[in-house]
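Below is one structure; the comments refer to it alone.
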Amino acid sequence: MSFRDDADRTVAALQAYAENAAQRNRPVLSQTRITDLAHDLDLKMLIAEGGLEGNRLQNFLDRYLTAATCLHHPRYMAHQVAVPVPQAALAALIDGFTSNPMAIYEMGPGAAAVESVVLNWMMEKIGWRNISDARTHGEGVLTHGGSIANLTALLAARARIAPNAWTDGVPSNLVLVCSSAAHYSISRSAAILGLGASSVRLVGSDPLGRIDPSALARLLAKLREDGKQPMAVVANAGSTALGLFDPLREIAAVCRSEDVWLHVDGAHGASQLLSSRLRPLLDGIDEAHSVVWDAHKLLRAPLICAAVLVRDQGALTAAFRQEASYLFHDKDQPGIDFIYRSIECTKAALGLKIFFALAYGGESAIAETIEQQADLATAAAELLGATPGIEIAVKPETNIVCFRVEGPDDLQLAIRRRLTSDGSYYVSTAEALGKRWLRLALMNPATTLEDIASLRTEVLRLRNTIS
Ligand SMILES: *Cc1c(COP(=O)(O)O)cnc(C)c1O
C-alpha cells in the first residue's frame with residue numbers, strides 16, 4: 001500500500017467518524033479498561049510484526065475511533081477543548097510529515113514565518129502592535145499549551161524582578177498573587193519556578209470570585225509592609241470553573257501604581273477579543289505585561305497550541321539564558337530563532353494549526369462561532385435556571401455553564417458518573433462558590449438548545465432514581 005492509499009483510508013475513516021457523531025449514532029465516550037483496549041487494538045502484535053497499512057490499518061482505525069472520546073458528538077459538552085476546523089487537522093499532518101523543528105529558523109523558515117505572523121495577529125488583537133511606541137511592541141512564542149505558557153510568562157516576570165534568580169536562585173521574599181479561581185497551573189508554576197507553592201497569596205474577590213481591585217491594592221501594600229516582593233499578579237480572562245473575567249482595567253491600574261507585573265491568563269477567554277460584542281469583557285488587557293492565549297480552546301485549532309505574549313520588547317528573551325555551541329553561534333539570520341524565548345528546543349510548527357483554523361473561513365468565521373457558543377450558553381443557563389430543582393451558578397460570560405440539582409455535592413458527582421458511564425452525555429464538574437457543580441463547556445457548534453433540554457430531562461430523571 002502506498003502512503004497515499006493509507007492517507008485516503010484514514011481521511012475516509014475520520015470523515016465517517018464525524019458524520020456518525022453528528023447523527024448522535026454513538027456514545028460520546030466509553031471508558032473501556034485500558035488493558036482490554038490495548039488487547040483489542042492488537043498493539044503488541046503490531047509492534048512486533050508491523051504491517052500497519054491497508055486492511056490492518058483499516059481495522060486499527062475502526063477500533064481506535066470507536067474508543068476515542070468523541071468531541072464531534074453534539075452531546076460533548078465537557079472540557080474546553082476545541083472541535084477543530086476539519087481543514088486545520090491538515091496542518092497537523094503537514095507538520096507531522098515535514099517535521100521541521102522550527103525554533104531555529106534554518107530548520108523551518110515556513111513554520112517560523114507562520115508563527116511570527118500568527119503571534120503578531122494576536123498582539124494586534126490585544127492592542128500591542130503600536131510600532132510608533134517602541135515599548136508597546138510585543139514579543140511572543142507558541143508553546144504546547146496554556147500551562148507551559150503560564151510558566152513561561154511567569155518566568156519572564158521573575159526575570160524582571162529578580163534578574164539574578166537564573167544564576168543565584170530565587171530570593172526568599174518573592175510572592176505570587178492570584179485569586180482562588182486561578183487555574184492550577186499558576187500554583188504549579190510558583191512551585192516549578194522555585195518560589196514554592198506556599199508563596200501564592202490569594203487576593204479577595206467579589207461574591208462571584210472575581211478579583212476585587214481595592215482588595216488587591218490592600219494586599220499588595222500589606223505584602224510590602226511584610227517585606228515581601230510581589231513578582232506578579234495573575235488575573236483570569238475567563239476563569240476555569242465559571243468562565244468569569246476579572247476587571248482587567250482596574251487591576252492594571254493597581255499593578256501600575258504598585259509597579260507589579262500583571263499577567264492575564266486568557267487561555268480560554270482571550271479569543272473573545274475577536275468579537276466586538278464580547279471584547280469589552282477584556283477591556284484593559286492591553287495594559288498587561290503578559291498574556292496567555294490558547295488556540296486549541298476557542299480558536300478551533302487542533303491540539304495543542306498556546307501563545308505566551310509579552311507587551312515589552314525583549315521581556316521574553318530576558319527570561320532565558322543559554323549555552324549550546326551546536327545551536328548558538330554566529331550565522332546569517334534572515335528570520336527569527338524562537339529558541340531564545342522558549343522552554344522547548346525541538347519545537348513543532350504550532351502556528352500552522354492556528355493559521356489553518358483561521359485561514360479556512362477567515363477570522364470572522366471563528367468570531368461568529370465564538371458568539372454563537374456564548375449565546376448558546378446564555379440560553380442554556382436561562383433554560384436550566386428557570387427549571388424548578390435546578391440552580392445555575394452565574395450568568396455566563398463565555399461558553400461555560402455551571403448548574404446543579406437540589407441536593408448535596410455527592411449527588412452532582414453521582415449524576416455525572418451515570419451520564420458518562422452510559423456515554424449519553426459528556427459533562428464535566430467543578431467546585432466554585434463553595435459548591436460542586438455540573439459544568440458544561442459548549443465547544444461543539446453542532447450542539448443545540450434541544451441537546452441541553454434533553455440533558456436537563458435526563459439529569460432530573462437521574463436525580464429521582466439516585467436519591
Ligand atoms: C485551559 C486553561 C489553562 C491550561 O491550559 P492548557 O492548554 O490546558 O495547558 C490555564 N488557564 C486557564 C484559565 C485555562 O482555561
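Only this structure's heavy atoms are used, side chains among them; waters, hydrogens and symmetry mates stay out. Because the structure is predicted, anything quoted here is derived from the model rather than measured. Just so you know, ligand 1 is whichever comes first in the structure, and atom 1 is the first atom listed for that ligand.
Atoms of ligand 1 found under 4.0 Å from any heavy atom of Q80, numbered from 1 in the order shown, are 15 (O). Per-residue contacts place S147 under 4.0 angstrom from the following atoms of ligand 1 (heavy atoms of the residue considered): 4 (C), 5 (O), 6 (P), 9 (O). Taking a cut-off of under 4.0 Å to the non-hydrogen atoms of G238, the atoms of ligand 1 that pass are 13 (C). Atoms of ligand 1 found under 4.0 Å from any heavy atom of G145 (numbered from 1 in listed order, with element): 7 (O), 9 (O). Annotation for ligand 1: atoms under 4.0 Å from non-hydrogen atoms of K297 are 1 (C), 2 (C), 3 (C), 4 (C), 5 (O), 14 (C), 15 (O). Contact atoms of ligand 1 toward T240: 12 (C), 13 (C), 14 (C), 15 (O) (distance under 4.0 Å to a heavy atom of the residue). Taking every heavy atom of G146 and a limit of under 4.0 angstrom, the matching atoms of ligand 1 come to 5 (O), 6 (P), 7 (O), 9 (O).
With respect to the salt-bridge test (charged N to carboxylate O, under 4.0 angstrom), the residues K125 and E363 qualify. Ion pair R436/D410 not flagged as a salt bridge, since none of the NZ, NE, NH1 or NH2 atoms sits closer than 4.0 Å to an Asp/Glu carboxylate oxygen. Taking the charged nitrogens against the carboxylate oxygens, K347 and E115 do have a contact shorter than 4.0 Å, which makes a salt bridge.
Ring geometry for Y426 versus H79: interplanar angle over 60°, hence perpendicular rather than tilted (30 to 60°).
Geometrically, R311 does not engage W128 in a cation-pi contact, judged by NZ or CZ lying under 6.0 Å from the ring centre and within 45° of the ring axis.
Interatomic distance, CE of M443 versus CD of Q80, reported as 7.0 Å (0.5 Å rounding).
Contact annotation: H296 has at least one heavy atom less than 4.0 Å from an atom of ligand 1. Within the 4.0 Å heavy-atom shell around ligand 1 one does not find A149. At least one heavy atom of D294 sits closer than 4.0 Å to an atom of ligand 1.
Judged by distance alone, the side chain of D212 and the main-chain N or O of G204 form no donor-acceptor pair under 3.5 Å.
Given atom 11 (N) of ligand 1, the protein heavy atom at minimum distance is D265 OD2, 2.6 Å.
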